[in-house]
Amino acid sequence: MKRVLSRIGLAGACIVLAIFLLFPLYYAVLTSFKSGSALFRVDYWPTEIDLSSYIRIWQEQPFARNILNSIFVATTVVILSLGLALTAAYALGRVQFRGRKFLLYTILGVSMFPQVAVLSGLFEVIRVFGLYNNLGALVLTYMIFTLPFTVWVLTTFMRDLPVEIEEAAIMDGLSPFVIVTRIFMPLMGPAMVATGLLAFIAAWNEFLFALTFTLSNEQRTVPVAIALITGASEYELPWGNIMAASVIVTVPLIGLVLIFQRRLVAGLTAGAVKG
Amino acid sequence: MAGVRLDHVSKRFGNTEVIRNIELDVADGEFLVFVGPSGCGKSTILRLIAGLEEVTSGAIWIGDKDVTHLPPSKRGVSMVFQSYALYPHMDAYKNIAFGLQMSSRSDESVDQRVRRVAAMLQIGDLLHRKPRELSGGQRQRVAIARAIVREPQVFLFDEPLSNLDAALRAQTRLEIARLHDELKATMIYVTHDQLEAMTLADRIVLLNGGRIEQAGKPIELYRRPQTRFVAEFIGSPRMNILPVTMEAGLAILPSGDRVPIPSRFDGPADLGIRPENISLATPEVPETIHARVLHVEELGDTRIIHAALSDGTALAVRHPADAPAPRKGDEVALRLDPEHMHLFGRDGARLD
């Protein structure tokens, strides 16, 4: 009896949590299929399937271009972050040197500044590099928040890899570069996928830097583009378009998570050492 | 092929001196075993020879080359680790071949060498398997194959058998011995197991606290231990050590018994005698001491009788299995063979 009750309680809690988390998304999907005055009526179930919002967002602004921008920025950020973080993690996790702890905590500290605090300083940096209204500016600045956690996660993982594997590789005459790329990287696959995914999502959703460092519609990423969607007149709030655009940019993220979730499950190191 | 020379090698980690001024020559083709209790520095010595650790002072020679400051891959040594340390994401073939492939040898010669070594270790059928699909013994063979394929001048083994179960350990021990005969390479082997040391070694180096306690043929360490430490470490069950007072060729045991011993030393000392050098005697035989049986261990081929002298001093006696065995609580007479007694001073050093 007690078991049944606790099971019901657990299931109930899960349902409440799921509703709490999913309802906004559900409501966005619902709204995106409406048009006209129906937008302002509160419905909890689909009443009509009207795809006009989905068609209009492609016509009224360079939305495809915005999506490509987002893909480019997020992918580049992920590749650069993982590349830099992997090499940094090798140094921070495996090489003994003075000030290693200090360096690690400095990297962590960087991620604690609110974005607004570094915004004006970064703006100057961007100007000096001539990257204003350029996607390069976004790639550069996004690494401010992706690098700290990728470095930290990969460093922790690197530390947990058996030292003997590295020593065996050294005895085998492998260079540090080969050790990192051919031995450690495959072993850290799950960790790299997980952190890469988080970095991708963070870069994909970033708004403030994207708003500040880009000017023209052609250089915008999707979050900014969506926020700046305007109606036909200033009195019209284009809810349908905004919701349709939001749904479109969320779907790839959900897809990525679903594709990679299997790989997130570790177990690759099984068999390396006794155990 | 080449020998190894350790020239006054010391190693300290911070303020702890783990290796103290070791001088040792390992002959070309020799099978040398470092043995000692945990923390004696035996693994550190191996890592110093491998180049995984830098010496604090002294020099290491391999062949006629000073390798003290060379990186591991330039020393012509290869190492087998206790935990095998295979690359988990590569199959057995790749594990063995990877080092060679990276040093840009032709694929053909690499393949030939891998196949030959795999055949030598009887793992030819397992080459496509990942480490996690191999049993402990098979992993160890792959690890040994990876060491052999590089054709090093010196093989280093770091407790390679301690992760295997007892049956497999005995078998693999035999195979390592066979491998040594076949390759005729210098092998340096670290273990905490005196049985492995005794069976494999051409020469044993017994380490204690970072110093060489005694080096010599296994049988020398067994028959004539230079210190009490060696005496107790080598041999199983371990040697009986009795605190005695020496007086005119007689050892006075704590129980008051007197045992003749061919030594002119007078004063307090430790008398060592192995269980197989004590025998049960009839009470009429002179020079016996009396003891009470506490426990009899049946080993199949022999029995170990644990007995206590009148004051409680414990003694282990090896007793043939085919002779009638005393039972727990029996009074027995023991004869200590004066030919096989070892006398150590209170400082632990041998006294003759």
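Proteins come first, then strands; the chains are lettered A, B, ... in the order of their sequence lines, and each starts at number 1.
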Could you pull out the closest heavy-atom pair between [X] and [Y], with the gap in Å?
X        : Y        : value
B:Pro88  : A:Leu187 : CG-CD2, 3.1 Å
A:Ile170 : B:Leu52  : CG2-CD2, 4.2 Å
A:Met171 : B:Arg150 : O-NH1, 2.7 Å

Around [X], counting heavy atoms of other residues, nucleotides and ligands shown, do more than 12 lie under 6.0 Å from its [atom1]?
X        : atom1 : value
B:Glu182 : CD    : yes
A:Tyr26  : OH    : yes
B:Phe13  : CZ    : yes
B:Asp165 : CG    : yes
A:Tyr105 : OH    : no
A:Phe207 : CZ    : yes

For the residue pair B:Met79 and A:Glu167, establish whether any side-chain heavy-atom pair is separated by less than 4.5 Å. no

Check: B:Phe98 and A:Val178 side chains under 4.5 Å, non-hydrogen atoms:
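Of all side-chain heavy-atom pairs linking B:Phe98 with A:Val178, at least one is under 4.5 Å.
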
Could you measure the distance from the [atom1] atom of [X] to the [atom2] atom of [Y]? Nearest 0.5 Å is fine.
X        : Y        : atom1 : atom2 : result
B:Leu86  : A:Ile165 : CG    : CD1   : 8.0 Å
B:Tyr87  : A:Ile179 : OH    : CD1   : 7.5 Å
B:Met102 : A:Arg182 : CE    : CZ    : 4.0 Å
B:Ser83  : A:Glu164 : OG    : CD    : 3.0 Å

Go through the atoms of [X] and report whether side chain, backbone, both or neither lie under 4.5 Å from a heavy atom of chain A.
X        : answer
B:Val77  : both
B:Arg75  : neither
B:Ser103 : neither

Open item on the list: Quick one: does any side-chain atom of B:Arg146 pair with a main-chain N or O of A:Ala168 as donor and acceptor, under 3.5 Å?
Closed with: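 Answer holds: no.
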
- Message: I'd like to know if the side chain of B:His89 reaches the main chain of A:Met185, judged simply by a donor and an acceptor atom lying under 3.5 Å from each other, with no hydrogens or angles considered.
- Response: no

Can you tell which part of A:Leu174 gets under 4.5 Å to a heavy atom of chain B, answering side chain, backbone, both or neither?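 Looking at A:Leu174, just its side chain touches chain B.
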
